[in-house]
Every structure is written in C-alpha cells, then in structure tokens.
Amino acid sequence: MKYDFLVVGAGFFGAVFAHEARARGKRVLVVDRRDHIGGNCYTETVEGIHVHRYGAHIFHTSDRRVWEYLNRLTEFNNYVNSPIANYKGQIYNMPFNMNTFSRLWGISTPDEAKAIIESQRGAVTEPRNLEEQAISLVGKDIYEKLVKGYTEKQWGRSCSELPSFIIRRLPVRFTYNNNYFSDRYQGIPENGYTAIFEKLLEGIEVRLGTDYLSERETLRPLAEKVIFTGPIDEYFGFRFGPLQFRSLRFETEILDTDNFQGNAVVNYTDRETPFTRIIEHKHFNFGTQPKTVITREYPADWQPGDEPYYTVNDEKNNALYQRYADLAAQEENVYFGGRLGEYKYYDMDKVIASSLRLCEELL
Ligand code: FAD
C-alpha cells in the first residue's frame with residue numbers, strides 16, 4: 001500500500017492528525033472535497049483582511065497543551081471577544097455583566113443588579129420550555145431584550161416551544177468585564193487560520209476537490225488506515241436516515257468605509273431583523289485597511305445537501321447517532337473523528353485535543 005493513513009478532511013481534526021503522523025515518519029494522504037484546506041476554520045484574504053468564510057472563529061482555551069501546540073504554528077494576537085448587542089438601536093455589552101445592567105436599569109452596583117434580576121426571575125423551579133428556563137436564569141428584561149429574539153431566529157421557533165435544555169446556563173457576571181470567554185488563553189492568529197493549516201500540512205500530499213465517498217473504491221485501497229472526519233451518516237449512505245443540523249447563510253459585502261460598526265461582532269437581538277449578527281472581520285486583527293468586509297449571518301433550516309453547521313443533539317438525533325457509531329465501531333481500520341464524524345459541537349481547542357488523543361492511540 002502506498003500510504004499508512006488516508007485522512008478525509010483537512011479541518012483541524014484531520015490536519016493535526018496528518019501532521020503528527022508525518023512527524024512520526026508515516027506516509028499520509030489527505031483528501032478534502034472542498035477546494036481549500038482548513039475546514040470550517042478557513043480564512044481567505046479580501047482587501048488585505050482575513051475573512052472567516054464559514055463564520056467567525058475566535059480561538060479560546062484553558063488547555064495549555066493545545067495553546068502551546070498552536071503557538072508553535074502561529075502567533076496569536078491579543079484579541080478579546082467582547083460582542084455587543086443591538087436591540088432596536090440600543091447598544092448593550094455582552095456577555096451580561098455590570099455594563100449591560102447599568103445600561104438597562106441605570107444602576108451601578110452589583111447588589112442593585114442582583115436585586116432586579118432576582119425580582120424578575122419568577123418562581124419557576126421546573127422550567128417547561130426555553131422561555132421559562134431563560135427567565136428563571138436572567139429575569140424578564142434581559143430575556144426579552146437580549147435572549148428571546150436572537151434565540152427564536154437561531155432556532156426558527158418560538159422560545160415557548162423550544163426545549164429548556166438548549167440553554168442550560170446563561171452567563172451573568174456581576175463585574176464590569178466584557179470578556180465573553182472565561183478561558184485562560186484567547187486570540188486570533190495574526191496571519192489568519194489558513195496559514196496554520198498550511199504549516200500543519202507542509203510536505204503532505206493533499207488532494208482538494210476530492211470526495212472520498214464518491215471515490216471510495218479507488219481511494220480506500222491506497223492506505224492501510226482511514227481517518228474520516230466527514231459526516232458519519234453520509235459515510236454509511238444515510239442507512240438509518242439523516243442526522244439533523246442547523247445551517248447558516250452568510251451574506252458578505254465589501255464596504256467602502258474603514259470602520260462599519262466599531263466591533264468585530266454585533267448581535268441583533270430583536271426578532272424583526274432577519275439576521276442574527278454582523279461580523280466585521282478586520283476588527284479581529286485590529287485592521288487599519290481603507291475598506292472593510294462585513295458578513296451578515298442568517299440562521300437557516302437544514303436539508304440534506306446543505307452545509308451542516310450546528311448539530312442538533314436532542315434525544316432523537318443522539319439515539320440515531322449512536323446507531324451509526326455502533327456501525328462505525330465495526331468498521332475495520334477506519335477511525336471517525338471531528339465535529340461531523342462524532343456528530344458533536346466541538347470548539348477548535350477540543351477538536352485539536354481529541355485529534356491528539358487519537359494520535360497517541362494510533363501512532
Ligand atoms: P471541519 O472543519 O468541518 O472539517 C471537516 C472537513 O472534512 C471539511 O473541510 C469537509 O470539506 C471535509 N469532508 C467532509 N466530508 C468529506 C468527504 N466525503 N470527502 C472529503 N472531504 C470531506 N470553535 C471555536 O473554538 N471558536 C469559535 O469561535 C468557533 N466558531 C464557530 C462558528 C461556527 C458558525 C461554527 C459552525 C463552528 C465554530 N467553531 C468554533 C467550531 C469549529 O468550526 C470546529 O471546532 C472545527 O471546524 C472542527 O474541525 P473538524 O476538523 O472536526 O471539522
């Protein structure tokens with residue numbers, strides 16, 4: 001056989017595995033059906049700006065090993081994610097913190113904010129739906145202005161019809177701290193994400209525009225083992241039916257202004273604005289280019305064939321996934337990984353850690 005490993009998918013799971021395998025002297029072939037490497041983390045340069053084609057990606061982790069691993073491949077800047085919410089023209093800081101509360105209620109101390117939230121929480125102990133859950137966590141005002149419309153757009157359903165488990169926690173902070181994440185490390189790669197993948201895949205044969213599943217007969221015999229990071233249900237020909245996803249539609253525009261919204265991420269939290277947020281990509285890298293690139297994000301229902309973004313890990317889909325996972329466990333010398341292979345929402349750091357674990361197991 002020509003290769004030890006055939007890696008399907010050049011996203012983080014596949015690229016990290018391929019890199020480690022090559023570093024240990026293995027012969028590796030990577031295929032991806034897209035025309036670029038990087039999976040959903042891919043960035044392309046437009047007007048000198050790193051544009052996140054598949055949605056904004058902010059790297060954050062508390063895993064020192066993963067942080068150091070990536071820092072060997074890229075320089076991170078000191079970007080701190082502090083999104084803002086636009087509710088019918090009123091601007092609020094996110095995540096919900098003293099800046100938000102002060103703006104909502106004209107108060108200044110944590111005690112005042114706690115008292116207002118407490119008085120609005122109601123007496124629900126067993127929330128029956130997302131609306132009750134959210135109100136019991138953050139009170140009525142925050143729910144109505146900052147949670148309701150956004151969540152309904154995201155899921156395409158009213159909050160009173162959505163299950164409460166979708167929102168287990170809503171971070172509420174009684175300090176004036178706009179840092180969205182509470183992880184130890186955070187930043188955006190100075191040279192964009194794609195440059196990381198170029199380094200990971202240096203010296204490795206990569207065939208783009210190659211769909212493993214439609215060329216399985218010619219590709220499978222080339223390698224002893226396969227690492228598959230595509231959709232697990234598709235691998236098995238949707239034999240038990242398709243796993244469900246939520247999708248997104250992106251509308252990207254180049255604007256002839258150097259600063260459109262003053263922040264990388266602005267959420268539109270009312271129900272009427274059809275998109276959920278606008279990303280202004282240059283602000284991830286503190287860009288000073290004369291133009292700007294913005295992307296409006298529209299949540300979308302997903303049909304088989306659409307780009308799968310968010311897994312829908314409800315009972316039904318988890319049970320269906322388990323049936324596919326049982327089949328996968330019987331598949332000799334094929335290993336499933338990553339967000340599509342494991343049908344799971346994975347942040348970048350978690351997917352890298354998971355790939356490194358598979359490396360330890362197999363290499
Ligand atoms: P992917 O990146 O999806 O890579 C899988 C690759 O496999 C794709 O390139 C695909 O083309 C290829 N493939 C699939 N099937 C086949 C086939 N049959 N043949 C050949 N190739 C195939 N994480 C964070 O940490 N921070 C964030 O801010 C963040 N923002 C996100 C925003 C959005 C909108 C989404 C959807 C995710 C976000 N994530 C974020 C998560 C991040 O995108 C994932 O952790 C990461 O992309 C997972 O990498 P992966 O290798 O598992 O999958």
Side-chain angles (χ1 to χ4, degrees), residues 6-19 29-43 52-63 66-67 70 76 79 81 83 154 180-181 183 185-189 193-194 196-197 200-201 206-216 219-220 226-238 245-250 264-265 276-277 279 281 284 295 297-300 302 305-312 334-356 358:
L6 167 54
V7 177
V8 181
F12 262 125
F13 195 97
V16 165
F17 187 90
H19 182 78
L29 170 66
V30 175
V31 300
D32 200 297
R33 60 183 169 196
R34 289 177 173 163
D35 63 0
H36 59 74
I37 57 175
N40 274 9
C41 305
Y42 172 70
T43 48
H52 302 210
R53 188 192 286 182
Y54 302 95
H57 278 74
I58 299 141
F59 192 83
H60 59 98
T61 188
S62 293
D63 186 333
V66 169
W67 179 246
L70 278 190
F76 279 95
Y79 176 83
N81 193 32
Q154 245 183 343
Y180 193 79
F181 298 116
D183 280 317
Y185 310 105
Q186 167 170 197
I188 300 284
Y193 285 95
T194 305
I196 301 179
F197 290 90
L200 283 170
L201 296 170
V206 179
R207 296 188 198 166
L208 295 174
T210 303
D211 187 331
Y212 175 73
L213 297 178
S214 39
E215 296 181 38
R216 195 175 340 205
L219 290 171
R220 181 63 190 93
V226 172
I227 309 296
F228 187 80
T229 75
I232 189 169
D233 53 349
E234 194 180 340
Y235 181 94
F236 292 107
F238 302 106
F245 286 86
R246 288 288 297 160
S247 197
L248 289 171
R249 183 166 61 81
F250 298 111
V265 183
T276 45
R277 52 184 199 168
I279 304 299
H281 301 267
F284 285 126
T295 301
E297 243 176 69
Y298 297 81
W302 177 88
D306 291 349
E307 200 60 67
Y309 281 108
Y310 296 112
T311 53
V312 180
V334 182
Y335 301 85
F336 294 77
R339 66 182 193 99
L340 300 167
E342 296 173 64
Y343 190 65
K344 168 171 175 178
Y345 181 82
Y346 254 140
D347 271 330
M348 291 179 274
D349 62 326
K350 303 288 188 308
V351 98
I352 293 167
S354 161
S355 181
L356 289 172
L358 185 65

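Numbering of ligands and ligand atoms starts at 1, following listing order. Scope of the values below: all heavy atoms of this structure, side chains included, with no hydrogens, waters or symmetry mates.
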Sub-4.0 Å atoms of ligand 1 with respect to non-hydrogen atoms of [X]:
X: T210; answer: 19 (N), 20 (C)
X: Y309; answer: 36 (C)
X: D211; answer: 17 (C), 18 (N), 19 (N)
X: F13; answer: 51 (O)
X: G9; answer: 6 (C), 7 (O), 12 (C)
X: Y212; answer: 17 (C), 18 (N), 19 (N), 20 (C)
X: G11; answer: 2 (O), 4 (O), 51 (O)
X: Y54; answer: 34 (C)

Can you find an N/O atom of [X] closer than 3.5 Å to an N/O atom of ligand 1?
X: Y346; value: yes
X: N40; value: yes
X: H57; value: yes
X: M348; value: yes
X: G230; value: no
X: V8; value: no
X: A56; value: yes

Fill in: Non-hydrogen atom of Y310 closer than 4.0 Å to ligand 1
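Distance cut 4.0 Å: Y310 passes for ligand 1.
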
Worksheet item: Are any of the heavy atoms in S214 under 4.0 Å away from ligand 1?
Response: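 Outside the 4.0 Å threshold, so no.
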
Worksheet entry | Mutual orientation of the aromatic rings belonging to Y42 and H36 [parallel < 30°, tilted 30-60°, perpendicular > 60°] |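 Y42 vs H36 ring planes: parallel.
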
Item to complete: Over 60° means perpendicular and under 30° means parallel, so classify the ring planes of Y193 and H52, tilted if in between.
Response: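 Correct class here is perpendicular.
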
Proximity of [X] to ligand 1 by residue part, where a heavy atom lies under 4.0 Å:
X: A15; answer: neither
X: F59; answer: neither
X: V351; answer: side chain
X: L248; answer: side chain

Between the side chain of [X] and the main-chain N/O of [Y], is any donor-acceptor distance below 3.5 Å?
X: R33; Y: V8; result: no
X: T210; Y: L208; result: yes
X: T311; Y: F245; result: no

Fill in: Flag if over 12 foreign heavy atoms under 6.0 Å of OH, Y79
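Yes, the 6.0 Å shell around OH holds more than 12 heavy atoms from other groups.
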
Fill in: For R246 against V312, the heavy-atom pair lying closest together
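Looks like N-CG2, 4.0 Å.
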
Worksheet item: Which atom pair, heavy atoms only, marks the closest approach of G11 to D32?
Response: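 Looking at all heavy atoms of both residues, the shortest contact is N-OD2, 4.4 Å.
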
Worksheet item: With ring centroids as reference points, do Y309 and W302 lie under 6.0 angstrom apart?
Response: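 Not under 6.0 Å, so no.
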
Worksheet item: Are Y346 and F13 near enough that their ring centres are under 6.0 Å apart?
Response: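 Between F13 and Y346, which both carry aromatic rings, the centre distance is not below 6.0 Å.
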
Residue and atom name of the nearest protein heavy atom (relative to [atom]), distance in Å to one decimal:
atom: atom 3 (O) of ligand 1; answer: R339 NE, 2.7 Å
atom: atom 16 (C) of ligand 1; answer: R33 NE, 3.5 Å
atom: atom 40 (C) of ligand 1; answer: Y345 OH, 3.3 Å
atom: atom 28 (O) of ligand 1; answer: I58 N, 2.8 Å
atom: atom 46 (C) of ligand 1; answer: C41 SG, 4.0 Å

Fill in: Residues R53, E307: salt bridge by 4.0 Å N-O rule
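E307 and R53: not salt-bridged.
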
Item to complete: Give the single entry among D347, D32, L208 that approaches atom 11 (O) of ligand 1 most closely by any heavy atom.
Response: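 Comparing heavy atoms across D347, D32, L208, the nearest one to atom 11 (O) of ligand 1 lies in D32.
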
Item to complete: Check each of F17, F59, F197 against F12 using the ring pair (Phe, Tyr, Trp, His ring centres under 6.0 Å) test, and report the only one that passes.
Response: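 Among F17, F59, F197, the one meeting ring pair (Phe, Tyr, Trp, His ring centres under 6.0 Å) with F12 is F197.
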
Discussion item. H60 and ring pair (Phe, Tyr, Trp, His ring centres under 6.0 Å): which single residue from F76, Y185, F181 fits?
Written reply: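 Exactly one option meets the ring pair (Phe, Tyr, Trp, His ring centres under 6.0 Å) with H60, and it is F181.
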
Fill in: Distance in Å, D349 CG paired with L70 CG, rounded so as to fall on 0.5 Å steps
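If we round to the nearest 0.5 Å, D349:CG and L70:CG are 9.0 Å apart.
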
Fill in: CG-CG distance between D211 and L219, expressed to the nearest 0.5 angstrom
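If we round to the nearest 0.5 Å, D211:CG and L219:CG are 9.0 Å apart.
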
Worksheet item: Taking atom types as modelled and ignoring hydrogens, do the side chains of S62 and D183 form a donor-acceptor contact shorter than 3.5 angstrom?
Response: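 Per modelled atom types, S62 and D183 side chains form a pair under 3.5 Å.
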
